[in-house]
Amino acid sequence: MGNYRNNEEIIIWDSLPKDLPYNVGYSDNVGYSLVLIDDENSDYCTLTLYDGVGIKIWEIKPGQEDYIGYTFPKEYNMPLAFETKQPVGDISKYDFHNIIRPEVNNTYTHKMRFSCDTTMKENEALVSKNGKYKFYLQPSGNLVIKENTRTMWSSLTAEIEMFESPYTLSFSPIGELILRDKNKFIMWETVNADSFKNTAKIEETQEFYLILSDDGELYIEDNQHNMYWSSWPVRLYSQHIRYIYPTIYDITSCKEIIRNKYIYNLFSNPDIYNFYKDPKDPTSYVRKYYTSYLLPNESLISLYHATLNVTNTEVTFYYEHNNKMQSRILASCGKNSNIKELKLENNGLFLYCNDNTYKTIASLPENPKYYRLSIVKKHKMDYPDLMIYNTKTKEFLWGLKPVKFLNSVVPKKVKKGEYDRIITANNFTTFDRLISYNGGGNHIYFSNKHGLEFSDKAYKSFKSLSLLDDNFYINDELIIKDNKNMELSYDGINDKLIIGNETTDIIWELYGKKKYYLKDLNEPVYSMTLNTNGDITLNNNKYILHKEYYIKDKFYELIMKGYNLILKSNTGEYKWALGNIFNRPYNASSLKIGDSFKEGEMLYCGDYSMIILNGKLLYRDHKSKRSTEIKYSPNKSGYLYEIEIGVNDINFKDKENNSLNHISSPNQSFNSKLYCDKNTRSIVWKINNTIKWRYPEISSNNGDLQDKKYILLCNKYYQKCLYAANRIGSNVRYADYSKTLKNFKWYFEIINKKSYLKSAINDDICLIVDNDKIITGKCSENIDKARISYNEPKNYIEYFNSSNKQYKCISGIDDRNNRNSPQYLTLANCNKKDEKMIWEIKTTN
């Protein structure tokens, strides 16, 4: 076997068939099964392969002397020391593996020279000198090597659906085998790595030969006996390429130029698209294989169930519409002449006939290079269309469904101009352009992708503009009703569309730098007005879209921000918006974590609001038209730019994102919000149903108090929870929790920025500190003694002594194993290592 690679696994047998391209059998959902069964009459086993539906496709038995594998085996890539038995009976009718058809001719012996003129056709065989081995091309498209009658090797290219017989094996002068079908689609090839760039032109300096040895090895070598490819897998160069998609392949070393009969595009000047990847490297030339014409029996194809077919007599466009195939004949040469070619030229699309006549299908302005004909199915198109496109300006210039070059849109008959183009029509839609009436060459364009395109903006939702029966429509929606003699035109200088008539210059207009959104009313919207007092009205002030709610500012502007229409005043305030301001409504009455609250934005509460303006936080009364600055920070001052709502705080920040002040809660919760408490006409920050901040402040017995969220305060050391006796003045202690008793339930309440711990027994019962005793007392009578808060990070219950401005922690007194303990509490210096003062919040559920 000569030289071969060591230390590598080599496939010398597998069960994939040689005369079929892919798997034998049907895998189904289960896949294949290999079953091993003990033979009762011997010490051996039977090995059987079943496919996914249970059909036996291969089997070998103990002591089997007539083994032929199975119907389509691929096995033994190497020569055997024994003969494989030929099939007899019915199996011989379809077992191509172990027979040679009588029509196979011994055309060549031992070797074949590679050249442009050398080819191997179906059933032509290259035979080894000893006559034992044959290499030939089967009519199925499969290349095989036979050892006597047994198939020893194949290219696995049999009966591949996309390829058509007859097949040919070509011998490229650079030492490559190329298998192609009748359409010159390549199916399989060997590769000469030395030819990748081929700067040395090896076909001029070397000769290559295909040799079939007396050992059954098929290989390629040059005149110096260097090997380039072998059918034996043990060789270094045993790889090849098999193609699964139709690909036209021409042998450049033979100067082949192959024409594909199925083409996606025609170009008026195909050669301009060829290029050199490296202008200094002549081998880097890339040829696109574009063409400008179709011959009879060729087609322009697409991915959209549409084709343009050229026969000997006519050119027909076939397309699918509403799940039915439609056809349209574009042109024919008549009864006495056949078609010569359909050609896209620099000035149009023409059909040329054999009698030297021609038919004009499309007439275009003279263009030296850039026209392309293709079948197009774009967004907003109901069905595919045959269209001509300018590859430089990226515009469609012609289509079977006419592309219009409009001067105006009027409810009259269609009018045509130069090149048979439509210049006046009653609708303006996809791929059409409307040319400016005041010069400059500007135009507005209807794109399939971006909708109505102005010079700077696009209206994606627009599909068409129409004037029908004295009505104006956007898409199919009625906008202006019963207005006679309207005309739609484009003002290119101001980049706007205008509808006017004989009596009114402007009935409706649409700017490229602004957008109009329509509102559901009892009649179509045809105008929007921004009044000097800040009101926005529709249809000549008939309907109010927005009304100024506070004080009239010096001026207002209606602007586009992204796809949002926004009203701002000279103060920078967002007065109104069609959509959200950043990530929330402009008039939001409640803001949650992550909602924007920046300069110019407000919390809108109907007859009052809170807003950030000019670095200040303002409370505004819409009835009295007065504003009050909110002192949100007792110590710091600065330019307020933003209020940020967090899981346990609200943060007041400047433009540099520095904190000016923040108000925090011992609890963390995603249920944190800043909202309007309209019952008290105040702004409230609430977290977990506990109010932590309010403006204006209210007393505890006045207004809308916060919702109560009852909790348990439990000590892990004692394994007991805080308990309040029913009688006022009794010691608060810790005890075993009982669900039925309110005495264990507490809630924190913030009143005038001060925290109190209240009992569920009564809203006026608080935990108070009296001479270091922890007892219950009336909240209203013990305001200073009841300053109790919860330090969540450390799990302390803290008491604030207003006289010395110090915090102390509530702690148990006795050890947990003291049976005589009354389980009372005391005040102590806070110490995180003392478990007696660690209290965890638990829910009452």
Report the relative orientation of the aromatic rings in [X] and [Y]; use parallel for angles under 30°, tilted for 30 to 60°, perpendicular for over 60°.
| X | Y | value |
| --- | --- | --- |
| Trp576 | His546 | tilted |
| Tyr549 | Tyr604 | perpendicular |
| Tyr710 | Tyr747 | perpendicular |

Can you check side chain to side chain donor-acceptor pair (under 3.5 Å) on Thr430 and Asn448, steps first, answer last? CA-CA 6 Å; Thr430 307; Asn448 68 289; over 6 Å; no
Both conditions, 6.0 Å and 45 degrees, for the charged tip of [X] above the ring of [Y]: are they met here?
| X | Y | value |
| --- | --- | --- |
| Arg626 | Tyr619 | no |
| Arg816 | Tyr717 | yes |
| Lys568 | Tyr556 | no |
| Lys655 | Tyr639 | yes |
| Lys673 | Tyr675 | yes |

Evaluate ring pair (Phe, Tyr, Trp, His ring centres under 6.0 Å) for His622 paired with Tyr550, printing each intermediate quantity in order. CA-CA 5 Å; His622 299 169; Tyr550 187 51; 5.7 Å; yes
More than 12 foreign heavy atoms under 6.0 Å from CG of Asp476: is that the case here? no
How about NZ on Lys842, more than 12 heavy atoms from neighbouring residues, nucleotides or ligands closer than 6.0 Å, or not?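 Not more than 12 within 6.0 Å, no.
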Can you confirm whether Lys709 sits close enough to Phe748 that some side-chain heavy atom of one is under 4.5 Å from a side-chain heavy atom of the other? no
Is Asp677 paired with Lys686 through a side-chain N to carboxylate O contact shorter than 4.0 Å? no
For residues Lys720 and Ala735, report the shortest heavy-atom separation together with the two atoms involved. CB-O, 3.2 Å
Which atom of Thr776 lies closest to which atom of Arg727, heavy atoms considered: OG1-O, 3.4 Å
For the residue pair Asn743 and Asn726, confirm or rule out a side-chain donor-acceptor distance under 3.5 Å. yes
Is the distance between the ring centroids of Tyr574 and Tyr586 under 6.0 Å? no
Applying ring pair (Phe, Tyr, Trp, His ring centres under 6.0 Å), which residue pairs with at least one partner in residues 652-672 are found, sequence neighbours left out? Tyr632-Phe652
Run the numbers on Lys575 and Asp553 for salt bridge (Lys or Arg N to Asp or Glu O under 4.0 Å), then give the verdict. CA-CA 10 Å; Lys575 288 286 187 177; Asp553 285 326; 3.6 Å; yes
Worked check of salt bridge (Lys or Arg N to Asp or Glu O under 4.0 Å) between Lys653 and Glu642: CA-CA 5 Å; Lys653 295 184 174 183; Glu642 177 182 10; 5.8 Å; no
Quickly, which of Tyr756, Tyr790, Tyr807 forms a ring-ring contact (aromatic ring centres under 6.0 Å, His included) with Phe800? Name it, please.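 Going through Tyr756, Tyr790, Tyr807 one by one, the ring-ring contact (aromatic ring centres under 6.0 Å, His included) with Phe800 is satisfied by Tyr807 alone.
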